[in-house]
Amino acid sequence: MLLSARHTDVVVVGAGLAGLRTAHHLVAAGVSVIVVEASQEVGGRMATDTVDGYRLDRGGQLLDASFAGAEQPSGLEKLRLLPLAAGPVVRSSDSAGDGGGRAGRRIGDAIDRARLNAVLGRITAVPEHRLLARPETTAARAPLARGLSPRTADGYLRPLLTALLHDPDLTTSSRCADLALRRYARGRLCMPSGGAATVPELLASGLPAGTIRLGVRATAVATDSVTTAEHGRISCRAVVVATDARAAARLLPGLRVPEFLPVTVVHHAAGSPPPYGPALVLEAARRGPVGRTLAAGEVDPSRVPPGGGTLVTTTLLGPRGDTGDAELDRTVRDRLAALYGVSTRDWQLLSVHHDPFALPSMSAPHDMHRPVRLLAGLYVCGDHRDTSSAQGALDSGRRAAEQVLRDLGVTPPLPALPRPVPTAA
Ligand SMILES: Cc1cc2nc3c(=O)[nH]c(=O)nc-3n(C[C@H](O)[C@H](O)[C@H](O)COP(=O)(O)OP(=O)(O)OC[C@H]3O[C@@H](n4cnc5c(N)ncnc54)[C@H](O)[C@@H]3O)c2cc1C
């Protein structure tokens with residue numbers, strides 16, 4: 001197989017999770033790959049900034065305990081997933097207003113939680129193909145809450161789904177909601193140790209040196225070449241467009257562009273940990289700005305510098321409008337004071353990151369397995385071809401790579417046999 005600056009077997013456009021997964025799979029099958037990435041870093045939306053020693057995720061991503069686990073080798077064997085506390089805490093922030101810690105109410109008693117656990121337990125027992133065969137409507141209308149009292153359904157299940165899907169209106173497909181709840185119920189939510197960027201960095205480190213070209217933007221694609229602004233034309237036998245949906249549609253006119261769910265992530269440094277330790281805290285109020293908040297530093301202490309107290313990461317849902325950082329900080333701080341029941345006056349704002357195109361909307365009807373092959377030689381992947389999640393991006397990348405290998409007539413090597421597990425004497 002040839003590999004030079006101007007020719008390779010496959011060019012992958014975009015080094016987010018989908019592109020890196022594609023490259024990983026192709027390289028493992030012995031195919032030469034060049035990944036061109038427009039920005040100066042790998043990872044796309046899975047990005048982490050370091051500010052005053054704090055590791056701050058731009059997306060505040062939470063992953064399932066089973067993340068990337070189905071595929072071996074995944075390139076992510078060294079990934080450490082740190083679990084949150086089991087079960088979220090749902091609170092109303094009705095009494096918010098002065099950032100001084102007038103506590104809101106905790107929603108849901110032990111009976112509510114037991115009922116919810118029974119519903120979640122039932123959903124884990126339903127095979128995935130049966131969930132996907134259920135009639136599709138919106139998450140708001142779906143009979144997900146069958147068996148729950150209106151109080152539990154509205155006060156507990158709705159905030160949980162809103163937080164999992166980043167969708168305050170719950171227009172997401174009920175099938176996607178079912179799947180999200182099933183994954184949630186099967187294991188704890190987790191954070192990648194060291195920040196979201198650890199995931200793409202691990203994938204990138206498993207690729208041969210020189211595979212990824214940073215700061216190289218694709219301006220046109222064809223079945224046998226990619227034109228770039230910086231390096232001219234790279235010829236190849238196949239092209240995989242692994243960008244976000246909007247960039248993909250610019251390169252591949254006619255490709256469907258979905259609606260998007262806007263998300264803002266706010267990080268605060270707090271002198272001491274707020275209550276509830278490593279639990280996800282949700283706001284019960286409908287259309288409250290806080291989708292979820294978490295003392296991320298209590299889950300992953302490596303995100304906090306020595307003597308830095310703890311890190312609180314809060315996700316706000318919906319459009320931001322023209323609110324400035326200082327005003328947004330005041331509003332969020334007041335809400336957090338009520339949600340946690342502590343004063344937030346001394347908390348220090350570390351960063352605000354707004355992404356109007358954070359996640360492709362999965363409104364009903366949603367196809368979770370959109371075709372990745374456009375023509376022989378031209379493929380597309382990314383979360384917009386699957387579910388809007390880190391796992392969806394990985395899965396779409398694997399599907400695209402498998403399709404490329406089939407079209408190139410390459411048989412991937414058999415996976416290594418698992419090593420025998422030593423038995424105790
Ligand atoms: C705020 C926020 C919160 C989220 N929360 C969660 C969560 O809790 N759980 C979860 O599972 N998922 C979450 N997600 C979603 C998850 O991060 C994404 O689904 C996933 O990272 C998408 O990966 P991707 O590879 O499809 O696309 P991207 O990460 O967008 O990667 C595309 C890459 O293509 C590059 N590119 C674009 N155009 C070009 C071009 N012309 N030439 C070369 N390169 C190009 C971009 O620079 C980028 O690096 C969240 C996302 C956001 C933004």
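We use all heavy atoms of the structure for the numbers below, so side chains are in, but hydrogens, waters and symmetry mates are not. Bear in mind the structure is a predicted one, so any value in this text is a computation, not a measurement. Whatever order the structure lists ligands and atoms in, that order sets their numbers, starting from 1.
- In this structure, of His166, Glu37, Arg246, the residue bringing a heavy atom nearest to atom 5 (N) of ligand 1 is His166.
- Shown in contact with Val13 at under 4.0 Å from a heavy atom are these atoms of ligand 1, numbered in order with element: 40 (C), 42 (N), 43 (C).
- For ligand 1, one of its N or O atoms has an N or O atom of Leu17 under 3.5 Å away.
- Not a single N or O atom of Ala358, backbone or side chain, sits closer than 3.5 Å to an N or O atom of ligand 1.
- Given atom 15 (C) of ligand 1, the protein heavy atom at minimum distance is Leu359 CD2, 3.5 Å.
- Heavy-atom separations between Val216 and ligand 1 include at least one value shorter than 4.0 Å.
- In terms of polar-atom proximity, Leu62 is counted as a contact of ligand 1, with an N or O under 3.5 Å from an N or O of the ligand.
- Nearest-residue assignment for atom 21 (O) of ligand 1 (options Arg183, Arg217, Met46; heavy-atom criterion): Met46.
- Nearest to atom 3 (C) of ligand 1 among the protein's heavy atoms is Gly59 O, 3.0 Å.
- Protein heavy atom nearest atom 34 (O) of ligand 1, with residue, atom name and distance: Gly14 CA, 3.4 Å.
- The CG atom of Leu394 lies 4.5 Å from the CZ atom of Phe67; values are rounded to the nearest 0.5 Å.
- Not one N or O on the side chain of Arg186 forms a donor-acceptor pair closer than 3.5 Å with the backbone of Ala65.
- No side-chain N or O of Tyr379 forms a donor-acceptor pair with one of Thr22 less than 3.5 Å apart.
- Against a heavy-atom cut-off of under 4.0 Å, Gly43 is close to the following atoms of ligand 1: 29 (O).
- Atom CD of residue Glu201 and atom CG of residue Leu76 lie 12.0 Å apart, to the nearest 0.5 angstrom.
- The aromatic rings of Trp347 and His268 lie tilted to each other, with the angle between the two planes from 30° to 60°.
- For Gln61, a nitrogen or oxygen atom sits less than 3.5 Å from a nitrogen or oxygen atom of ligand 1, counting backbone and side chain alike.
- When only interatomic distances are considered, the shortest N/O to N/O separation between Thr243 and ligand 1 does not fall below 3.5 Å.
- In summary, the atoms of ligand 1 found under 4.0 Å from a heavy atom of Gly44, numbered by their order in the structure, are 29 (O), 31 (O), 48 (C), 49 (O).
- Contact annotation: for Arg250 versus ligand 1, there are no heavy atoms closer than 4.0 Å.
- The proximity of Thr228 to ligand 1, defined as any non-hydrogen pair under 4.0 Å, does not occur for either the backbone or the side chain.
- For Glu230, the CD atom counts as densely surrounded, since its 6.0 Å shell holds more than 12 non-hydrogen atoms of other residues, nucleotides or ligands.
- With ligand atoms numbered from 1 in the order given, ligand 1 contributes 1 (C) to contacts under 4.0 Å with heavy atoms of Val263.
- Annotation: atom 23 (O) of ligand 1 to nearest protein heavy atom, Ala393 CB, 3.5 Å.
- With atom 38 (N) of ligand 1 as the reference point, the heavy atom nearest to it among Ala247, Ser389, Pro356, Ala220 is part of Ala247.
- Considering each of Arg385, His353, Arg45, His354, the one bringing a non-hydrogen atom nearest atom 27 (O) of ligand 1 is Arg45.
- For the pair Arg183 (side chain) and Asp64 (backbone), a donor-acceptor distance under 3.5 Å is absent.
- Under the salt bridge (Lys or Arg N to Asp or Glu O under 4.0 Å) test applied with Glu283, the options Arg91, Arg335, Arg158 reduce to a single match, Arg335.
- With sequence neighbours excluded, the residues that form a side chain to side chain donor-acceptor pair (under 3.5 Å) with Arg58 are Glu41, Asp49.
- Atom 11 (O) of ligand 1 has as its closest protein heavy atom Ala390 N, 2.9 Å.
- The nearest protein atom to atom 42 (N) of ligand 1, hydrogens excluded, is given as Ala218 N, 3.0 Å; this is a heavy-atom distance.
- Taking a cut-off of under 4.0 Å to the non-hydrogen atoms of Gly382, the atoms of ligand 1 that pass are 26 (O).
- In terms of modelled atom types and a separation under 3.5 Å, the side chain of Arg6 and the main chain of Ser235 share no donor-acceptor contact.
- In terms of modelled atom types and a separation under 3.5 Å, the side chain of His267 and the main chain of Arg55 share no donor-acceptor contact.
- With salt bridges taken as basic N to acidic carboxylate O contacts below 4.0 Å, one links Asp178 and Arg134.
- Only the side chain of Asp355 comes within 4.0 Å of ligand 1, counting heavy atoms alone; its backbone N, CA, C and O stay farther away.
- Considering only residues two or more places apart in sequence or on other chains, Asp325 meets the salt bridge (charged side-chain N to carboxylate O under 4.0 Å, His left out) condition with Arg320.
- Counting the atoms of ligand 1 from 1 in the order shown, those under 4.0 Å from a heavy atom of Asp244 are 30 (O), 32 (C), 37 (C).
- Atom 18 (C) of ligand 1 has its nearest heavy-atom neighbour, among Leu394, Val36, Asp383, in Asp383.
- Of the protein's non-hydrogen atoms, Ala38 N, 3.3 Å is the one closest to atom 43 (C) of ligand 1.
- Only the side chain of Arg292 comes within contact range of ligand 1, with a heavy atom under 4.0 Å; no backbone atom does.
- The shortest heavy-atom distance from Ala196 to ligand 1 is not under 4.0 Å.
- Counting only distance, with no hydrogens or angles, the side chain of Thr48 and the backbone of Ala197 share a donor-acceptor pair below 3.5 Å.
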side-chain hydrogen bond (donor to acceptor under 3.5 Å, both in side chains) between Ser174 and Thr137: does it pass, once the steps are laid out?
CA-CA 5 Å; Ser174 54; Thr137 175; 5.6 Å; no
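- Heavy-atom contacts from other residues, nucleotides or ligands closer than 6.0 Å to CZ of Arg256 number more than 12.
- Among protein heavy atoms, the minimum distance from atom 31 (O) of ligand 1 is reached at Gly16 CA, 3.4 Å.
- For Ala242, every heavy-atom contact with ligand 1 shorter than 4.0 Å involves the backbone, none the side chain.
- Under 4.0 Å is where a charged nitrogen must lie from a carboxylate oxygen, and between Glu402 and Arg398 at least one such pair does.
- Judged by distance alone, the side chain of Asp300 and the main-chain N or O of Ser302 form a donor-acceptor pair under 3.5 Å.
- Contact annotation: for Ala18 versus ligand 1, heavy atoms closer than 4.0 Å belong to both the backbone and the side chain.
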